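The structure under discussion appears below in the form of structure tokens.
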Amino acid sequence: MAQQLAFRDGIMDRIRMREPRFDERAYLFVLSALEFCQQQLPERRHISGAELAHACRELALERFGVMSKLVLEHWGIRSTADIGDIVFTLVDLQLLISQAHDQRDDFVEIFDFEAAFERDYPWHGALRA
């Protein structure tokens with residue numbers, strides 16, 4: 001069974017003061033996707049914005065299947081730019097570390113949510129007659 005992440009007392013309050021748009025589960029999901037991405041690599045290293053965005057897609061599809069887009073949207077994640085906003089909120093609060101060259105724009109338009117979670121869903125072709 002997958003281990004559930006949780007923030008220590010007071011951390012989510014600090015996050016909400018900085019960026020209230022996203023559900024707590026959105027932050028925890030992005031942290032899970034970061035670890036998911038690291039586990040796919042031969043050794044731990046810095047993860048780019050594009051790599052993390054794709055890891056979020058893969059993890060969402062693995063965990064939520066056809067409901068991925070709906071779940072992420074329920075948490076406030078509607079685009080890859082939102083993933084960047086979550087990451088940089090965590091960086092601003094010193095809960096994650098970034099490299100000097102990292103920026104929010106690294107997450108902008110990595111993929112389209114409609115295409116990634118609906119049109120390109122692995123089973124989508126089965127729906128066509």
Side-chain angles (χ1 to χ4, degrees):
M1 181 171 214
Q3 181 180 357
Q4 292 293 327
L5 292 176
F7 285 116
R8 290 178 174 227
D9 289 342
I11 299 292
M12 199 59 218
D13 294 334
R14 290 177 50 210
I15 291 171
R16 279 192 192 99
M17 287 177 63
R18 177 79 53 146
E19 176 55 85
R21 290 184 298 153
F22 306 105
D23 188 282
E24 179 176 5
R25 292 167 291 186
Y27 292 96
L28 295 171
F29 176 77
V30 170
L31 290 172
S32 294
L34 182 59
E35 184 58 29
F36 175 81
C37 187
Q38 287 286 358
Q39 291 174 357
Q40 311 300 314
L41 301 172
E43 61 183 42
R44 294 182 81 82
R45 63 168 171 77
H46 177 71
I47 303 297
S48 72
E51 288 173 313
L52 181 54
H54 287 291
C56 285
R57 179 185 184 269
E58 289 177 42
L59 186 59
L61 289 172
E62 183 178 295
R63 285 189 181 174
F64 312 119
V66 295
M67 299 296 291
S68 295
K69 183 173 178 274
L70 184 64
V71 169
L72 294 177
E73 286 179 346
H74 180 71
W75 294 342
I77 303 173
R78 292 173 173 78
S79 69
T80 57
D82 290 336
I83 297 167
D85 290 344
I86 288 169
V87 166
F88 277 91
T89 296
L90 297 172
V91 167
D92 291 346
L93 293 170
Q94 299 179 349
L95 299 170
L96 282 180
I97 298 170
S98 65
Q99 302 289 316
H101 63 276
D102 291 335
Q103 54 189 338
R104 286 179 194 259
D105 286 349
D106 295 342
F107 291 88
V108 174
E109 296 181 5
I110 302 299
F111 56 80
D112 175 74
F113 266 44
E114 183 76 23
F117 293 115
E118 294 185 1
R119 287 194 303 269
D120 295 340
Y121 187 76
W123 297 344
H124 182 24
L127 298 175
R128 294 186 182 139

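Keep in mind that the numbers below use all heavy atoms, side chains included, and drop hydrogens, waters and symmetry copies. Predicted model, so just to flag it, every value in this text is computed and none were measured.
- The aromatic rings of Phe64 and Phe29 lie tilted to each other, with the angle between the two planes from 30° to 60°.
- In this structure, Glu73 and Arg78 approach most closely via the heavy-atom pair O-NH2, 3.2 Å.
- Proximity of a side-chain donor or acceptor of Ser68 to a complementary backbone N or O of Ala60 within less than 3.5 Å is detected.
- Around atom CD of Glu109, no more than 12 heavy atoms belonging to other residues, nucleotides or ligands sit under 6.0 Å away.
- Nearest heavy atom pair, residue Gly76 against residue Asp82, reads O-OD2, 3.3 Å.
- Gln40 contributes a side-chain N or O that, together with a main-chain N or O of Phe36, makes up a donor-acceptor pair within less than 3.5 Å.
- Put simply, the side chain of Lys69 does not reach to within 4.5 Å of the side chain of Arg57, judged on heavy atoms.
- You'll find the side chain of Arg63 stays beyond 4.5 Å of the side chain of Val71, heavy atoms only.
- Follow the hydrophobic side-chain contacts under 4.5 Å out from Val66 and you reach Trp75 in the same cluster.
- Between the side chain of Arg14 and the backbone N or O of Leu93, at least one donor-acceptor pair lies under 3.5 Å.
- Counting only distance, with no hydrogens or angles, the side chain of Thr80 and the backbone of Ile110 share a donor-acceptor pair below 3.5 Å.
- Between Phe107 and Phe88, the angle of the ring planes goes over 60°, which puts this pair in the perpendicular group of the 30/60° scheme.
- Sorted by first and then second residue, the side-chain hydrogen bond (donor to acceptor under 3.5 Å, both in side chains) pairs involving residues 87-100 (not counting sequence neighbours) form an empty list.
- Between Arg45 and Gln38, the closest heavy-atom pair is O-NE2, 2.6 Å.
- Using a 30° and 60° split on the angle between ring planes, His54 and Phe111 fall in the tilted class, from 30° to 60°.
- In this structure, Gln103 CD and His101 NE2 are separated by 9.0 Å, a value rounded to the nearest 0.5 Å.
- In this structure, the side chains of Leu96 and Leu34 come closer than 4.5 Å at one or more pairs of heavy atoms.
- Residues Ala26 and Ile86 share a closest heavy-atom pair of CB-CD1, 3.8 Å.
- Heavy atoms from other residues, nucleotides or ligands lying under 6.0 Å from CG of Leu41 number more than 12.
- Note that the CG atom of Leu61 and the CE atom of Met67 stand 13.0 Å from one another [nearest 0.5 Å].
- Side-chain atoms of Leu95 and Tyr27, non-hydrogen and from C-beta on, never get closer than 4.5 Å to each other.
- Under the 3.5 Å distance criterion, the side-chain polar atoms of Glu19 are matched with a main-chain donor or acceptor of Arg21.
- Looking at heavy atoms from C-beta onward, Phe22 lies out of side-chain contact with Val30 at the 4.5 angstrom threshold.
- Hydrophobic cluster membership is shared by Ile77 and Leu70, with clusters built from Ile, Leu, Val, Met, Phe, Trp and Tyr side chains linked at under 4.5 angstrom.
- With a 4.5 Å cut-off on side-chain heavy atoms, Asp106 and Leu52 do not count as touching.
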